[in-house]
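Take a look at the structure below.
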Protein chains: 2
Amino acid sequence: MKSADVHHPIFDEIADLARTLGHAHRLVLLRHIADGELAVEQLTQLSGIALANTSQHLQHLKRAGLVQTRRDGKRVLYRLADGPIENVLAALRNLANHRRQQIREFINDRISQPDRLENISREELVRRMRNDEVVLLDVRPQNEFVAGHLPGAINIPADELEQRLAALPREKVVVAYCRGVQCVLSADALAILRARGWASRRFEGGLPDWAAAGLGVEGVNYESG
Amino acid sequence: MKSADVHHPIFDEIADLARTLGHAHRLVLLRHIADGELAVEQLTQLSGIALANTSQHLQHLKRAGLVQTRRDGKRVLYRLADGPIENVLAALRNLANHRRQQIREFINDRISQPDRLENISREELVRRMRNDEVVLLDVRPQNEFVAGHLPGAINIPADELEQRLAALPREKVVVAYCRGVQCVLSADALAILRARGWASRRFEGGLPDWAAAGLGVEGVNYESG
DNA sequence: CAATCAATCAATCAATATGTTGAATGATTG
DNA sequence: CAATCATTCAACATATTGATTGATTGATTG
């Protein structure tokens, strides 16, 4: 409203925070630190960033109050600071994904050849689920999964898939699904799965197609009507 | 195996976004633009930033895809781009406020300071619901919820909120509501949500205000017939 | 206490970002 | 079509940031 409001120092503080997040190395480091306390050298190995460089970025993060440290013998362990830090990261990831998706929809270079992505029809999926031949993989963000998902599905958001591949069985066919035909998350997931040698298919219709067919859905939006 | 993940281009994209938000001038401009379409000169006046400088920052925002433009006669009008941009800003603001409060050991006393960020108007709520930017949280007892609630709302009674936080998404703004202005349930809920770092607002009018405005209500008292 | 290890500091250079100035563009007006 | 207005561009000086290198600090080990 008033210019006094506009010059409020909160803007500078927010800008400092944002600038601290404005470097891929620091985002990578934060991502690893978010999984638990880690020492500097472990972080260099996980990230591939040179030692002194890693240290500097970590101190940048520390100055900004995003991480805290603790000494354990010779090592210095870094952990996430208190506060809604992961919310900010999630929001940024969300926005970036939103953008990517728009770009992909525009170019439409991925789903244009559905055969290569090995789509599975709803009918075949139902049949193979009955025979316990498949594992359902929901690659949408956790909150959407919580709100409602196909029965028995495992939730691994697409951007975490590479780290969490171990959670998937190798002896069944993995069927990935997401928000539906316009969503590329499951296509991304399939690329990862196939690159790592998983037997995998894609249920293109996703949750909307499933629900529209009157098949059961699990989740908070659906229990106790 | 992690290094492949680490070099994923999404990190660079997120970093670019964050860096774009990493300057107080651009945050100020975004804040004004978020209120509605504005021309460059109006923005210079509102922000106090020199004309050419304003223009450059606006173009920075445009390059980053955070704003879009439209020509109207001689003027160029800037507006927010699509996507969960306000969520990112809210998350950053939230984190910065969290830090400020920690530093000052500030004690938050409920409704005594109803700051502008806390309450959300019906108009803004409707708009953000349309954009799928918010999650509605009904914190009244279950029986009242069943009788009637805002469309799409999740019901978690205020006294169960702390145990059931996991049901709430982190990447959308949570808007809590209850029986209306005289009811403190949603204020309590907001205290819990903010303490745990959720981006959250309060729809003060609650169900009565919503229904009085002639907006749709879901529930057994309202279903067809 | 010397040797070793983990992390940080200091100094440097290259690359980017910012603010300012004045000129150039694009659309409207008389 | 010339004048005017709103905005953008181009060029420059200055500041900030990032990566690299080698030295330094702090803690442990023998």
Side-chain angles (χ1 to χ4, degrees), chain A residues 3 6-7 11-30 32-33 36-79 81, chain B residues 3 6-7 9 11-30 32-33 36-79:
Chain A
S3 60
V6 151
H7 295 124
F11 285 105
D12 286 295
E13 294 173 25
I14 296 174
D16 287 343
L17 276 175
R19 218 175 312 126
T20 300
L21 298 176
H23 194 289
H25 284 182
R26 287 193 288 271
L27 294 174
V28 167
L29 291 171
L30 272 179
H32 284 122
I33 292 171
E37 247 186 357
L38 286 171
V40 180
E41 195 172 12
Q42 297 177 281
L43 284 166
T44 69
Q45 288 171 4
L46 289 168
S47 65
I49 306 168
L51 176 66
N53 202 359
T54 301
S55 176
Q56 302 212 57
H57 283 298
L58 287 171
Q59 281 163 81
H60 196 153
L61 291 169
K62 189 178 176 184
R63 251 177 277 129
L66 295 172
V67 301
Q68 296 178 327
T69 61
R70 159 175 95 82
R71 229 199 157 98
D72 174 31
K74 306 180 190 179
R75 277 171 299 194
V76 176
L77 302 179
Y78 281 79
R79 64 181 183 280
Chain B
S3 62
V6 151
H7 296 125
F11 285 105
D12 287 295
E13 294 173 25
I14 296 175
D16 287 343
L17 276 176
R19 219 176 310 128
T20 300
L21 298 176
H23 194 290
H25 284 181
R26 287 192 289 272
L27 293 174
V28 168
L29 292 171
L30 272 179
H32 286 119
I33 293 172
E37 246 185 359
L38 286 171
V40 180
E41 195 173 11
Q42 297 177 281
L43 284 166
T44 69
Q45 288 171 4
L46 288 168
S47 66
I49 305 168
L51 176 66
N53 202 358
T54 301
S55 176
Q56 303 212 57
H57 282 299
L58 287 171
Q59 281 164 80
H60 195 153
L61 290 169
K62 190 179 176 184
R63 251 178 276 128
L66 295 173
V67 302
Q68 297 179 328
T69 61
R70 157 176 96 83
R71 222 190 166 106
D72 174 30
K74 307 181 190 180
R75 281 176 298 178
V76 176
L77 301 179
Y78 282 78
R79 64 180 183 281

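By convention in this document, chain letters (A, B, ...) are assigned in the order of the sequence lines, proteins followed by strands, and residues within each chain are numbered from 1.
- Under the 4.5 Å side-chain criterion, counting only non-hydrogen atoms from C-beta, Leu66(B) is in contact with Leu21(B).
- Under 4.0 angstrom from either OP1 or OP2 of dA6(D) there lies no side-chain N or O belonging to Tyr78(B).
- Annotation: ring-ring contact (aromatic ring centres under 6.0 Å, His included) contacts of His23(B) (sequence neighbours excluded): His25(B), His57(B).
- For the OP1/OP2 pair of dA7(C) and a distance below 4.0 Å, the side-chain nitrogens and oxygens of Ser55(A) include no atom meeting the criterion.
- The distance from atom NE2 of His60(B) to atom CD of Gln56(B), rounded to the nearest 0.5 Å, is 11.0 Å.
- Residues satisfying the salt bridge (Lys or Arg N to Asp or Glu O under 4.0 Å) test with Glu13(B), not counting sequence neighbours, are Arg100(A).
- Within the 4.0 Å cut-off from OP1 or OP2 of dC9(D), at least one side-chain nitrogen or oxygen of Gln59(B) is found.
- Among the atoms of the strands shown, base atoms are found under 4.0 Å from some heavy atom of Leu51(B).
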Quiz item: What does nucleotides 12-30 of chain C look like as a protein-contact string, B for base, S for sugar-phosphate only, - for none, at under 4.0 angstrom between heavy atoms?
Solution: -----SSSBB-----SS--

Quiz item: Just the dot-bracket of DNA chain D, please: which string comes out with Watson-Crick or G-U pairs under 3.5 Å, [ ] for crossing, | for another strand?
Solution: ||||||||||||||||||||||||||||||

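- Counting to the nearest Å, the P atom of dG18(D) and the CD1 atom of Ile49(A) are 12 Å from each other.
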Could you go through residues 71-79 of chain B and list every donor-acceptor pair under 3.5 Å that involves a side-chain atom there, pairing it with any protein atom two or more places apart or in another chain?
from, atom 1, to, atom 2, distance (Å)
Arg71(B), NE, Gly73(B), O, 3.2
Arg79(B), NH2, Gln68(B), OE1, 3.3

Quiz prompt | Residues Thr44(B), Ile49(B); criterion side-chain contact (heavy atoms from CB on, under 4.5 Å); working and verdict | solution = CA-CA 5 Å; Thr44(B) 69; Ile49(B) 305 168; 5.9 Å; no

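- Distance Glu41(A) CD to dA6(C) C1': 7 Å, rounded to the nearest Å.
- Nearest heavy atom pair, residue Leu38(B) against residue Ile33(B), reads CD1-N, 4.4 Å.
- Identified under the salt bridge (Lys or Arg N to Asp or Glu O under 4.0 Å) test for residues 14-29 of chain B, with sequence neighbours left out: Asp16(B)-Arg19(B).
- With rounding to whole Å, Leu58(A) atom CG is found 16 Å from dA6(C) atom P.
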